[in-house]
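If you're wondering where the values come from, they're calculated on a predicted model, not measured in any experiment.
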Amino acid sequence: MNTDNLHIQIKTFYGLEPVLAEEIKKLGGKNVEIKTRAVNCEGDLGFLYKINYSARTAVKILVPIYEFKAFNEYKFYDKLLKFNWDEFMDVNQSFAIDATVHSERFTHSQFMTLKMKDAIVDFFRTKYKQRPNVEPKNPDIKFNLHIDRDFVTVSLDSSGDPLFKRGYRKEQGEAPINEVLASGMLQIAGWDGKGNFLDPMCGSGTILIEAAMIAMDLPAQIFRKKFAFQNWKNYDEELFQKIKEFRINRIKKFEGKIVGYDIDARMLNAARINIEAAEMEDVIEVQKKNFFESTKELFPLLMVFNPPYDERISIKFDEFYKKIGDTFKTGYPNTLAWLISSDLQAVKKIGLRPSRKVKLYNGKLETRFLQYEMYEGSKKPKNNEPS
């Protein structure tokens, strides 16, 4: 593997590709190219470590090691059997395979995974008279198999566990928002740690914690114990330690306030446990408060939130969103507010025209991330049509 110029594919969620591309450019990625749910780029081994440790909107970081065409399962197995797997793993290391298959020729991803597993095991058995173990849960080496029609790409997964598993979430609510999605929303909303931040329906606190991490320039994976690249043959521990030290030395003090409200004491307790796990008790404040009875206390203020799903509220959606709009208008003049919702009809009850709409997915749910600009009194926004 040429570690001076690696071709890297970084997976993300739909709608966050431009945010990730911007992050990758800032971290030093070359030839950055936006794909669907992914960003491709080039960089050296140190860059690969750096994006795993620091990129907030990355879900998984892959390094392609083998590409070929296969027209049937025999050709597929044969090509894989001839590959030098011992360049990338030892016979005494365990491995696992993730597969994505978009092909009329090969229709079952599980079957193709099995064929690839057989080829790897047979390669080692033939060459070393020994076989490596398959370990789906916690493998030493993780491979990614991607088949698009008849084009096969085998990649090394440098991350291991998905990168939204930051390590601070000990408790979660009924409708938690993914850490990567939360960070992407904050970056779309323009949160840069200047001013103050409010999540008025904070649930278990994910958006608050991600907001604090951005404000302090804390690396996204500061709490993570292990990356898959640490089991690679070419792992450079000294280089990784240097990269970690450099990123940690960039952490800055945050002067503003990050506040969360919720009416559910159980949720606030979950938020406090997560905030403590993230060592953010001095930075984030949570209060038992009904947003609909609140008024603006922080100036300037950015608001980003994920209104709760039906199981946490006993009122109808239409009425609930109307109350959000009323509170925006009466309690929060001169405020920029963003919310994410999958109920595209109910959000119309807010009674304000969103100045921006971004299509995102929360899990499998199609949502809109909506920006509302509140002005003093009855002043209307300028004629900027929603995008």
Side-chain angles (χ1 to χ4, degrees), residues 1-12 33 35-45 48 51-52 58-128 131-163 227-235:
M1 191 197 297
N2 174 11
T3 55
D4 294 333
N5 189 35
L6 298 168
H7 292 271
I8 300 167
Q9 181 170 69
I10 308 152
K11 299 282 189 185
T12 191
E33 193 184 352
K35 299 287 188 184
T36 304
R37 293 188 175 86
V39 170
N40 291 351
C41 67
E42 290 171 16
D44 59 13
L45 201 59
L48 183 74
I51 51 176
N52 265 290
V59 172
K60 192 179 279 292
I61 301 172
L62 304 175
V63 179
I65 53 170
Y66 190 30
E67 294 179 334
F68 61 89
K69 281 194 166 187
F71 302 102
N72 57 48
E73 66 193 66
Y74 307 106
K75 186 81 173 161
F76 175 80
Y77 169 86
D78 196 46
K79 283 274 195 187
L80 291 171
L81 185 65
K82 290 188 173 113
F83 186 65
N84 289 329
W85 295 103
D86 50 356
E87 270 186 46
F88 301 98
M89 64 177 279
D90 287 327
V91 70
N92 57 3
Q93 286 183 306
S94 61
F95 73 97
I97 302 162
D98 274 342
T100 313
V101 178
H102 306 290
S103 174
E104 287 174 10
R105 205 181 293 274
F106 308 109
T107 49
H108 293 292
S109 60
Q110 276 178 314
F111 179 70
M112 301 316 289
T113 305
L114 202 63
K115 294 303 283 183
M116 177 168 162
K117 184 203 80 175
D118 289 348
I120 294 171
V121 167
D122 292 349
F123 168 87
F124 280 102
R125 199 187 271 132
T126 305
K127 193 166 179 179
Y128 297 97
R131 56 156 291 170
N133 287 330
V134 179
E135 175 56 69
K137 286 274 187 284
N138 192 20
D140 296 319
I141 303 293
K142 207 166 185 184
F143 294 109
N144 182 276
L145 168 66
H146 187 270
I147 305 178
D148 182 12
R149 295 173 299 251
D150 53 14
F151 194 74
V152 179
T153 307
V154 175
S155 303
L156 276 170
D157 179 344
S158 68
S159 308
D161 277 344
L163 295 171
F227 294 91
F229 63 70
Q230 290 172 284
N231 291 325
W232 290 5
K233 284 189 156 192
N234 62 5
Y235 174 51

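Side chain of Asn72 to main chain of Tyr74: a donor-acceptor pair is present (N/O by atom type, distance under 3.5 Å, no hydrogens or angles). The backbone N or O of Asp4 lies less than 3.5 Å from a partner atom in the side chain of Asn2, making a donor-acceptor pair. Between the side chain of Lys142 and the backbone N or O of Ser159 there is no donor-acceptor pair closer than 3.5 Å.
Distance NZ/Lys233 to CD1/Ile141: 9.5 Å, rounded to 0.5 Å. Taken from OH in Tyr128 to CG in Asp90, the straight-line distance is 8.0 Å, to the nearest 0.5 Å. Expressed to the nearest 0.5 Å, how far CD1 of Ile8 lies from CG of Leu156 amounts to 12.0 Å. The distance from the CG atom of Leu45 to the CH2 atom of Trp232 is 7.5 Å, given to the nearest 0.5 Å.
Judged as a salt bridge (charged side-chain N to carboxylate O under 4.0 Å, His left out), and not counting sequence neighbours, the contacts of Lys60 are Asp98, Asp157. Applying the ring pair (Phe, Tyr, Trp, His ring centres under 6.0 Å) rule to Phe68 yields the partners Tyr66; only residues at least two apart in sequence or on another chain are considered. For Glu33, the side-chain contact (heavy atoms from CB on, under 4.5 Å) partners two or more places apart in sequence, or in a different chain, are Lys35, Asn40. Applying the ring pair (Phe, Tyr, Trp, His ring centres under 6.0 Å) rule to Phe143 yields the partners Trp85; only residues at least two apart in sequence or on another chain are considered. Not a single salt bridge (charged side-chain N to carboxylate O under 4.0 Å, His left out) links Glu73 to another residue, sequence neighbours left out. Qualifying side-chain contact (heavy atoms from CB on, under 4.5 Å) partners for Val91, counting only residues two or more places apart in sequence or in other chains: Phe124, Gln130, Pro132.
Annotation: Phe71, atom CZ; neighbour count of heavy atoms from other residues, nucleotides and ligands within 6.0 Å is above 12. Counting heavy-atom neighbours within 6.0 Å of Arg131 CZ, excluding the residue itself, gives a total above 12. Within a 6.0 Å radius of NZ in Lys69, other residues, nucleotides and ligands contribute 12 heavy atoms or fewer.
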Candidate pair Ile10 and Thr12, rule side chain to side chain contact (heavy atoms under 4.5 Å, CB included), full reasoning
CA-CA 7 Å; Ile10 308 152; Thr12 191; 5.9 Å; no

Could you go through the side chain to side chain contact (heavy atoms under 4.5 Å, CB included) check for Asp140 and Glu135 one step at a time?
CA-CA 8 Å; Asp140 296 319; Glu135 175 56 69; over 6 Å; no

Between Asp86 and Phe123, does a side chain to side chain contact (heavy atoms under 4.5 Å, CB included) hold up when you go through it step by step?
CA-CA 9 Å; Asp86 50 356; Phe123 168 87; 3.5 Å; yes

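Minimum interatomic distance between Ser109 and Thr113 (heavy atoms only, all atoms of both residues): O-OG1, 2.7 Å. The minimum heavy-atom distance between Ser155 and Leu62, with the atom names listed, is CB-CB, 3.9 Å. Here the shortest heavy-atom pairing between Pro139 and Asn231 reads O-ND2, 4.3 Å. Scanning all heavy atoms of the two residues, the minimum distance from Ser94 to Asn138 falls at OG-O, 4.3 Å. Of all the heavy atoms in Ile51 and Leu48, the pair that sits closest is CG1-O, 3.4 Å. Phe106 approaches Arg149 most closely through the heavy-atom pair CD1-O, 3.8 Å.
Here the rule is side chain to side chain contact (heavy atoms under 4.5 Å, CB included) with Ile147, and of Val154, Thr100, Val152, Thr153 only Val152 fits it.
You'll find the side chain of Tyr235 reaches within 4.5 Å of the side chain of Phe229, heavy atoms only. Counting only heavy atoms from C-beta outward, the side chains of Leu145 and Phe76 approach each other to under 4.5 Å. Counting heavy atoms from C-beta outward, His108 and Val101 have side chains that stay 4.5 Å or more apart. The side-chain heavy atoms of Asp118 and Tyr77, taken from C-beta on, include a pair separated by under 4.5 Å.
Between the side chains of Ser158 and Asn52, at least one donor N or O lies within less than 3.5 Å of an accepting N or O.
In summary, Asp78 and Lys75 do not engage in a salt bridge, as defined by a charged side-chain N under 4.0 Å from a carboxylate O.
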